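Read through the structure below, which is laid out as C-alpha cells, and then see the notes.
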Amino acid sequence: MIKTVKYTRDILPEEFTNDLSAQSHRFQHVEAVAREAFRRYGYREIRTPIFEHTELFARGVGQETDIVSKEMYSWTDVNNDRLTLRPENTAPVIRSYIEHKMWASSDLVKLFYIGPMFRRERGQKGRFRQFYQIGVEVLGKSDNPAIEAEVIEMIYWILDELKISDTELLVNSVGCPACRPQFNETLRRELAPLLRELCADCNRRYETNILRVLDCKQDAERTAQLTPILDLLCRECNLHFLQFRSYLDHKGIPYRVEPRLVRGLDYYTRTAFEVTSRTLGAQSALLGGGRYDGLSETLGGPPTKGFGFALGLDRFVMSLPHDLADPSRPELYIAYLGERAFAYAMTLISKLRRQGIACVMDFEQRSLRSAMKLADKLKVAKVLIVGDNELDQGQLILRDMRSGEQQLLTEDELLRFFHGQK
RNA sequence: GCGAGCAUAGCUCAGCUGGUGAGAGCGCCUGACUGUGGAUCAGGAGGUCGCGGGUUCGAUCCCCGCUGCUCGCCCCA
C-alpha cells in the first residue's frame, strides 16, 4: 500500500477519521474566522508560489538558521535553477512586495496569506513536514508600535471567536542592528566564565546563536543572574518597546514580558511575540511573529518597515473546542421509489441546488427503508420522499428527521419552503 | 540529527509466566419490518497477529534486525 510520506498526513472529512486534529471542517472554520478578521482589519489576500528560488530563503531567513541549514526541501531543476519548497512565507511576501513595487502605490500595505509550508523536521505532536500557516505582513514606511498592538488585538479577536482559551501572550524585544552587537557582546562576556557549568546545548548555542542560551530550560537558574537583555537595548528600541506595551495596556490586552523569548529566524528586530497554549504538549506555540525592519533591504528592496505573524493552523485546530459541528453536511436527502420517481428526483434536485440547498440523493434503486437508513447516516435534517403515490397526487412528503414529523407539499411549496430558509 | 515507547479486524483495544480452534466493543452488510431512519433482536462479512530472521517439539507472546507510528530533545507554527 502506498501511504502518505513520513510525517505528512491527510486532512479528511469527519466521517473518515475520529482524529479531531485532522478533520477538514475544523480547518475550514479557522480559515473562515481568520478571513473575517482580515476583512474587518483591512488585510488583502496574497497567494505566492509554494516554491521559490533557494536564494530567497538563504538570504531572507538566514543561512545559519536551523530552517535553512537543515530543514529545507530543495532541489536543482532541469535548467539548473536552485529551488525550494517554502519553509515560511514572510520572505516570499517581501519578495512579492518588492517585485510588484507595492511601496509605490501605498504607504502601508497589509497582506494576509493562507497555505502550506514545508520543513524537513522530525514529526511530533503538532509538528508536521507539511503544515499550514495563516499569516499577515504589514509593510511600509511606518514602524509605529500601534501597528503591532492592532495586530495583536486582531489575534485576540480570532482566538476569542474560535473559543480557544488557556493561552498566554509573551512579548519581548530583541533589539536592532544598532544595539544587538553590543548586548551579544555583553552576553558573551558574562557567559564565558559560566560555560563549564552549562549544558552541552548551551555551549553549542554560545557559538551559533548566543541569545538562545537565555531560552534554555535546564540552565534557567544560572542564566537568570545575567543582565536582562531588555536593560541592554538602545534608547530607540527601549522607547519603542515601552510604547508598544502602553498600547497593549491601553487596549486592555494581557501579556507577560518574557526576556527569554528569542525568535529563531534571523530577520527579527525589536518586538517579538508568541502566543502559547497549555493544551498543546511540547510544541506549545500557537503563533509567533514580530518586527523585521531590515528584511526588504536584505532582499534588494527599498528601506521598508515590516511587522507580521504566522499562526499554526494545525495547532489551532488542535486547540479548538471538541464539539465543533460541521456546517457543510447536506441538509436534505431525496428518497425516491421507482423509475418514474427517479427521473423526477433528478430534475428536482437540480432546482433545489440552484436555489442553494445542499442536497443529495443515491443512484441505486433501493427500498425506502434502506434509503432512510442512508439518510440517517448522512445526518441530514430533512428527507424528501417521492414515489408513484406522490407523483400521482402532486404532493411530496417532507420528513423532519429530528421530530419525525411529515408534511405534504407541492413542488412549488417545497421550493418556497427552502427559499424562505435561506 | 539524537532518545524513548508502541505495532492484533475499518476504529478502540483484550489475549493471564510461549501450549489444541484468533477474541470483545463500536462500525459495516443482511433480515425480523412489500413505501419510513435512530432503539431492540438474530445472522453475516472482515485478520499474512507490521515485515524478515532466530530460539523452541510448538511463537501474537521470547531474542535480533528492518519499517512504520507516537511522544520527547533540538528547533519552530
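Residue numbers start from 1 in every chain, and the chains themselves are labelled A, B, ... in the order their sequence lines are given, proteins ahead of strands. All of these numbers come straight from a predicted model, not from anything done at the bench.
- Here B:C73 is the nucleotide among B:C73, B:C75, B:C69 with the atom lying nearest to any side-chain atom of A:A282.
- In this structure, a donor-acceptor pair under 3.5 Å is present between the side chains of A:R82 and A:T76.
- Contact annotation for A:E15: no contact, since no heavy-atom pair falls under 4.0 Å across all strands.
- Closest contact between the side chain of A:I397 and the listed nucleotides B:A77, B:G37, B:U36 involves B:U36.
- Of the P atoms belonging to B:U8 and B:G52, the separation is 16 Å, rounded to the nearest Å.
- Here the separation of B:C49 from B:G21, taken at their P atoms, is 13 Å to the nearest Å.
- With B:C11, B:U70, B:G37 as the choices, the nucleotide that has an atom nearest any side-chain atom of A:R122 turns out to be B:U70.
- With distances taken from any side-chain atom of A:Q283 to the nucleotides B:C75, B:G35, B:A77, the minimum falls on B:C75.
- With B:G38, B:C29, B:A77 as the choices, the nucleotide that has an atom nearest any side-chain atom of A:K373 turns out to be B:G38.
- Side chain of A:L337, nearest nucleotide from B:G35, B:C69, B:A77: B:G35.
- Of the N and O atoms on the side chains of A:D326 and A:S328, at least one donor lies less than 3.5 Å from an acceptor on the other residue.
- In this structure, of B:C11, B:G35, B:A77, it is B:G35 that holds the atom nearest to the side chain of A:S367.
- A donor-acceptor pair shorter than 3.5 Å can be found between the side chains of A:T54 and A:T84.
- Here, B:C61 and B:U17 have their P atoms 15 Å apart, quoted to the whole Å.
- For A:R120, the side-chain atoms get nearest to B:G1 when compared with the rest of B:C69, B:G1, B:G38.
- The base of B:G35 lies outside donor-acceptor range of the side chain of A:D388, with no N or O pair under 3.5 Å.
- Looking at heavy-atom distances under 4.0 Å, A:I385 makes contact with a base.
- Taking atom P in both B:A59 and B:C51, one finds a spacing of 15 Å when rounded to whole Å.
- With both pairing distances under 3.5 Å, B:G65 is matched to B:C51 as a Watson-Crick or G-U wobble pair.
- Side-chain proximity of A:A285 to the nucleotides B:G38, B:A77, B:U70 is greatest for B:A77.
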Determine whether A:T48 and A:N89 satisfy the following criterion, side-chain hydrogen bond (donor to acceptor under 3.5 Å, both in side chains), listing intermediate values before the conclusion.
CA-CA 8 Å; A:T48 58; A:N89 209 31; 3.2 Å; yes
